[in-house]
Structure formats: C-alpha cells, structure tokens
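Computed from a predicted model, the values in this text were never measured in an experiment. Both counts, for ligands and for their atoms, begin at 1 and track the order of listing.
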Amino acid sequence: MSRRPLVAGNWKMCKTRAEAVAWCTDLTAGLADAEGVDLAVCPPATALAEVAAALAGSGVGVWGQNVHQAESGAFTGEISTGMLVEAGASGALLGHSERRALFNEHDDQLAEKVVACLAAGLDPVLCIGELEYARDAGSTEQILDEQLRRGLAQAAPEQVARVTVAYEPVWAIGTGRTATPAMAQEAHAFIRGVLRDFAGDAADGIRILYGGSVKPENAAELTAQPDVDGALVGGASLAAASLLAIAAATRP
Ligand code: PEP
C-alpha cells in the first residue's frame with residue numbers, strides 16, 4: 001500500500017504569535033515545493049489559533065504539542081482536546097520524549113490520550129523511542145514494543161488505523177546525531193509489525209514518521225526507506241524554508 005508522506009514541524013517552546021504568523025506566510029508562499037507531501041506544524045498553545053487561521057485552506061495540519069485526557073477540570077497548566085479543536089487543531093503529539101522525560105508522562109496516560117483525541121476528532125501522533133543505553137544494550141525493540149502496546153491499549157482496531165506513529169530515538173533528538181537509514185528502516189518495520197497485531201492489514205496504511213535531527217541534507221535518504229513515511233522535525237522546522245526543503249526531499 002502506498003502511503004502519502006507526511007512532514008511535521010514541532011516548534012516546542014519557540015516563537016511568539018507574531019513570529020508564528022510570519023512563518024506561516026513564508027510557508028504558504030513556498031507550498032508548491034511540498035507538492036505530494038502532507039505538512040503539519042505544532043505551535044506552542046499560545047499561537048495555535050493564529051497559526052490555524054493563517055494556514056486555513058492551505059491543507060497544512062495544525063497539531064497541539066500535548067493534550068490532556070480529561071474533558072475539563074482541575075488540571076492547572078493543561079489543555080483539553082475540545083480546546084485544541086476550538087483553536088483549529090486537527091491533531092496532537094502524544095508522548096514526545098521531552099514530555100516523557102521532563103514531565104513524567106507515562107504509557108498508561110498516553111493510552112487515555114490516544115482515545116480522547118480520537119473521540120474528539122483529533123489525529124493522535126504517538127511518539128515512541130529508545131534511550132541511548134537501551135539501544136546499546138540491544139533493547140530497542142523491547143522498548144518500542146512496550147511503548148506501542150501500552151500506548152494503544154485502549155484503542156479499538158479501527159481506531160488504531162487512525163493513529164500516526166513517530167519513531168524518535170531519544171539519543172537523536174536535538175543532538176545532531178541521526179539514526180542511519182538502515183537503523184530507521186529496521187525500527188519502522190518492527191513498529192509496523194506490532195501495529196499489524198492491533199490493526200491487521202490496516203497497519204499498511206498507518207504512517208510512521210522518523211524524528212531525530214532531520215535536516216534538508218539527510219531527509220531524502222531517511223525517508224527513502226520503505227517503512228519511513230515522513231519526518232517529525234524539531235530544530236530544522238523553525239525556518240519555513242527548511243521544513244519545505246525537507247518536504248521536497250521527502251517527495252516520492
Ligand atoms: C523533535 O523534537 O521531535 C525532534 C525530532 O527534534 P530535532 O529535529 O531537533 O532533533
């Protein structure tokens with residue numbers, strides 16, 4: 001099954017609203033470069049509504065960087081699925097390694113977030129990946145298996161088909177180090193095998209993004225791998241031109 005590539009930018013805690021809107025102007029001016037590739041951006045929550053308005057009609061997805069599983073309540077500092085939808089988001093990152101490491105997010109919570117997103121009509125993008133010591137110890141597949149199975153534990157098979165997975169080896173995020181294309185392909189093929197246990201043949205339609213120091217210079221060789229369906233990009237997404245160059249390099 002052929003999967004349309006997807007390239008998403010995660011700005012993390014960067015960009016004011018004005019900077020975000022300027023980025024959108026640059027991106028929409030260059031969208032022809034990304035033809036054939038789906039694009040999405042994850043602005044900080046303060047800029048979400050403005051980015052969604054600036055990109056309305058462009059086809060570019062706007063995702064939250066995180067979301068809470070409850071509909072509302074006493075969860076200071078959190079944001080609900082309904083709030084994301086109201087701001088114009090179409091999806092949300094779940095379980096980014098920075099959320100796991102710095103804010104103690106765990107797989108059971110993520111399982112609730114996956115189904116909360118689906119119930120609200122948001123595309124869940126479940127991030128998984130091993131720490132360096134786990135790779136060195138030969139435990140990469142065990143970690144990916146656990147994170148994926150626990151994160152998807154509450155989703156019905158037809159719901160799993162609506163999830164996007166981002167494989168982000170933690171040692172490659174923001175470090176300038178990337179997995180080799182062979183390492184990425186091996187992990188992605190393994191992930192697709194686990195997805196098949198949940199979703200059967202629909203696993204062939206699920207997009208698995210690679211993340212970890214993706215840049216215009218290395219995007220083509222990574223995304224040319226048969227099970228690498230695009231990229232989740234941090235630092236190199238802060239300039240629209242660079243995200244567009246990654247999308248152009250990803251084009252089949
Ligand atoms: C990320 O934050 O998801 C990421 C992959 O960051 P970077 O591209 O900067 O490594």
Could you tell me which non-hydrogen atom of Val37 sits nearest to which non-hydrogen atom of Ala247, and how far apart they are?
-> CG2-O, 3.5 Å
Least distance between heavy atoms, Gly129 atom then Gln147 atom | N-OE1, 2.8 Å
Which atoms of ligand 1 are found less than 4.0 Å from any heavy atom of Gly212?
-> 5 (C), 10 (O)
In terms of residue, atom name and distance, what is the protein heavy atom nearest to atom 1 (C) of ligand 1?
-> His96 NE2, 3.2 Å
Note: Asp107-Arg149 ion pair, threshold 4.0 Å (strictly below) = no
Logged contact type for Ala166 with ligand 1, heavy-atom cut-off 4.0 Å, is neither
Going by an N to O cut-off under 4.0 Å, is there a salt bridge joining Asp38 and Arg3?
-> no
Closest by any non-hydrogen atom to atom 10 (O) of ligand 1: pick that one out of Gly174, Gly234, Cys42, Pro169.
-> Gly174
Given His188, Arg192, Arg4, the one that forms side-chain hydrogen bond (donor to acceptor under 3.5 Å, both in side chains) with Asp229 = Arg192
Using a strict 4.0 Å cut-off to heavy atoms of Ser213, name the atoms of ligand 1 that fall inside it.
-> 7 (P), 8 (O), 10 (O)
Report the nearest protein non-hydrogen atom to atom 9 (O) of ligand 1: residue, atom name, distance rounded to 0.1 Å.
-> Gly235 N, 2.9 Å
Test item, Lys215 contacting ligand 1 (heavy atom, 4.0 angstrom) = no
Distance to 0.1 Å, residue and atom name: give those for the protein heavy atom nearest to atom 5 (C) of ligand 1.
-> Glu168 OE2, 3.0 Å
Are Glu132 and Arg177 ion-paired here, with the side-chain N under 4.0 Å from a carboxylate O?
-> yes
Can you hop from Val67 to Leu232 via hydrophobic side chains spaced under 4.5 Å?
-> no
Hey, is ligand 1 close enough to Glu98 that some N/O pair sits below 3.5 Å?
-> no
Work out which heavy atom in Ile206 is nearest to a heavy atom in Val163; give both atom names and the distance.
-> CG2-O, 3.2 Å
Answer side chain, backbone, both or neither: which part of Ile173 comes under 4.0 Å from ligand 1, heavy atoms only.
-> both
Should Ala172 be listed as contacting ligand 1, given a heavy-atom distance under 4.0 Å as the test?
-> yes
